[in-house]
Amino acid sequence: MTEKKLPFNKKQLKKIIEKYSTPFHIYDEKAIRENAKKLARAFSWADNFKEYYAVKACPNPYILKLLKEEGFGADCSSFPELLLAEKAGIKGENIMFTSNDTPAEEYKKAVELGAIINLDDITHIEYLEKTAGIPDLLCFRYNPGPLRRGNAIIGQPEEAKYGLTKEQLFEAYKLSRNKGVKRFGLHTMIASNELNPDYFVETAKMLFDLVIEIRNKLDIRIEFVNLGGGFGIPYKPEQEPLDMKHIADEMKNVYEKMIKANGLHPLKIFMESGRMITGPYGYLVAKVIHLKDTYKKYAGLDACMANLMRPALYGAYHHITVLGKENQALDHTYDVTGSLCENNDKFAINRSLPKIDIGDTVVIHDTGAHGYAMGFNYNGKLRSKELLLKPDGKIELIRRAETVDDYFATLDFSKI
Ligand SMILES: *Cc1c(COP(=O)(O)O)cnc(C)c1O
C-alpha cells in the first residue's frame with residue numbers, strides 16, 4: 001500500500017490558489033531532494049554512480065538545477081532539451097544524449113556541449129562522423145530483441161524501434177575503435193513504469209554479461225553501463241514503490257560476482273530515470289466548474305488533457321483527492337473530465353469519490369513526471385503554470401501559464 005498524501009493542508013493550498021489561481025502543477029522540492037539523496041545512498045557502493053535525470057519527464061530548468069545540486073546529470077533527447085540542460089548549468093559528460101532518428105544539428109549541439117553521445121544505430125557512427133565528428137567517448141544502445149521480455153507500456157523489445165542488435169553492437173564497437181574512439185559505454189532501456197525489482201537486476205546482469213563478452217572478444221574495456229529509465233511508481237494506492245536500496249544491493253552482489261571476479265572493476269553504473277525521480281512529487285490542482293448528470297455523473301474541471309495526457313493516452317490511473325473531503329465516504333461515482341472536444345478527455349472514469357460540489361478543489365496525484373511535459377495545444381487549450389513548493393513552505397512560480405498571445409505567436413495576422 002502507498003498512502004496518497006499531500007504536502008500541504010487545505011488552508012495552505014487555499015492560500016496558494018488565491019494567489020496563483022487554478023489550474024497548476026505544483027512540485028514538492030523537499031520530497032524530490034530527499035528522494036534523490038535516497039537513490040544516491042542506495043548506490044553509494046558503486047564508484048561514480050550517476051543518475052542522468054530524463055529531461056523529458058519534467059523539462060523545467062528549476063527542477064534540473066535542483067537535481068544538479070543533488071549530483072544528478074541530465075539525459076536529453078532533443079535540441080531544446082540540450083539547451084535546457086545547458087541553461088541549468090549542467091555541462092560536458094554530465095549530459096547524456098540518448099536520441100533516436102536523430103537530426104544532424106542535434107548531434108552537433110551535443111558534441112559542442114561535450115555530452116556523452118549514446119547512438120541508437122550502427123549507421124549513426126558514419127552519420128555522426130560526417131555531421132559532427134567522432135568524439136573520444138561513444139555509447140551504444142543495446143536492444144536484446146527476443147532475448148528479453150519487455151513490459152506492457154514499452155512492449156516487446158523486438159517490436160521496439162530502439163537500439164542495436166547484439167551482432168551490430170559488437171560491429172559498432174569495432175568500427176568506432178577503428179575510427180579513433182577511445183572510451184566506450186553501454187546502454188539499454190527495455191521497460192517503462194516497471195514495478196518488479198527483479199527486472200532491473202536482470203537488466204544489470206544482461207549488461208554485465210555483455211561487458212565481459214566485449215572484453216573477451218574485442219579486448220575493449222567498457223567504462224560505464226547505463227541501465228536506462230523505466231523504474232515504476234505506485235500510481236495506485238494498492239501498489240508498492242520499488243525498493244531502490246534492495247535493487248542496488250542485489251546489483252552489488254551481481255557486480256561482485258561478474259565484474260569484480262572478471263577483473264573489470266571499476267565499471268561505472270549510470271541510470272537515466274525520470275518518472276521515479278519526480279513523478280510522485282508533483283500534483284495537478286484544479287477546480288470543479290461544472291457538475292453534469294446525464295447517462296453518467298460528470299465532474300468537469302478547469303483543467304483538461306492539455307495539462308495531463310496520461311489518462312487519455314494510456315488509460316493511466318492517477319489518484320484523485322477532493323480537498324477537505326479526504327475522510328468522507330467514497331459513495332459517489334464520477335467521470336472526472338476536462339473541456340476538450342474529445343471524449344477521452346477524462347482524468348478518471350467511474351471513479352468512486354466523495355460527493356463533489358461546484359467549487360471543490362481537486363488534486364490529481366503523481367503528475368511530477370510526464371505530466372506538464374506532454375501538454376499540447378489541441379482545441380486551442382493553453383498549458384498551465386508550474387509552481388515549486390520550497391522546503392520552507394514558500395511558493396516559486398517556475399513557469400507562467402500560456403497566454404493567447406503565446407498560442408498565436410507563430411501566426412502573422414497582418415498577412416491575412
Ligand atoms: C523516457 C526515457 C527515459 C525515462 O523514462 P522514465 O520512465 O521516466 O524513467 C530514459 N531514457 C530514455 C532513452 C527514454 O526514452
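Indexing begins at 1, ligand by ligand and atom by atom, following the structure's order.
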* Asked: Angle class for the Y107/H124 ring planes (parallel below 30°, perpendicular above 60°, tilted otherwise)?
  -> perpendicular
* Asked: Between Y334 and Y298, is the ring centre distance below 6.0 Å?
  -> no
* To do: Indicate yes or no: does an N/O atom of H370 lie under 3.5 Å from an N/O atom of ligand 1?
  => yes
* If you measure every N/O of R141 against every N/O of ligand 1, is any gap under 3.5 Å? -> no
* Asked: Do any nitrogen or oxygen atoms of G274 come within less than 3.5 Å of a nitrogen or oxygen of ligand 1?
  -> yes
* **Distance filter under 4.0 Å to G229 heavy atoms, resulting ligand 1 atoms** => 9 (O), 10 (C)
* Indicate the ring-plane relationship of W45 and F43, choosing parallel, tilted or perpendicular according to the 30° and 60° boundaries. => tilted
* Quick one: are the ring centres of Y235 and H365 less than 6.0 Å apart? -> no
* **Ring centers of F72, Y53 separated by less than 6.0 Å** => no
* Structure fact -> atom 4 (C) of ligand 1 has as its nearest protein heavy atom A54 CB, 3.5 Å
* Does G230 have a non-hydrogen atom less than 4.0 Å from ligand 1? -> yes
* Structure fact -> Within 4.0 Å of some non-hydrogen atom of T98, the atoms of ligand 1 are 13 (C)
* Asked: Do Y173 and F184 have their ring centres less than 6.0 Å from each other?
  -> yes
* Below 4.0 angstrom from a heavy atom of S273, which ligand 1 atoms are there? Numbered from 1 as shown, please. => 9 (O)
* To do: Say whether R275, considering both its backbone and side-chain N or O atoms, lies within less than 3.5 Å of an N or O atom on ligand 1.
  => yes
* Asked: In terms of residue, atom name and distance, what is the protein heavy atom nearest to atom 5 (O) of ligand 1?
  -> M189 CE, 3.6 Å
* To do: Please work out which of the three classes, parallel, tilted or perpendicular, describes the rings of Y317 and H319, given edges at 30° and 60°.
  => tilted
* Asked: Are a donor atom and an acceptor atom from the side chains of R310 and H318 found within less than 3.5 Å of each other?
  -> yes
* Who's the nearest protein heavy-atom neighbour of atom 11 (N) of ligand 1, and how far? -> E272 OE2, 2.7 Å
* So is K56 polar-close to ligand 1, meaning N/O to N/O under 3.5 Å? -> yes
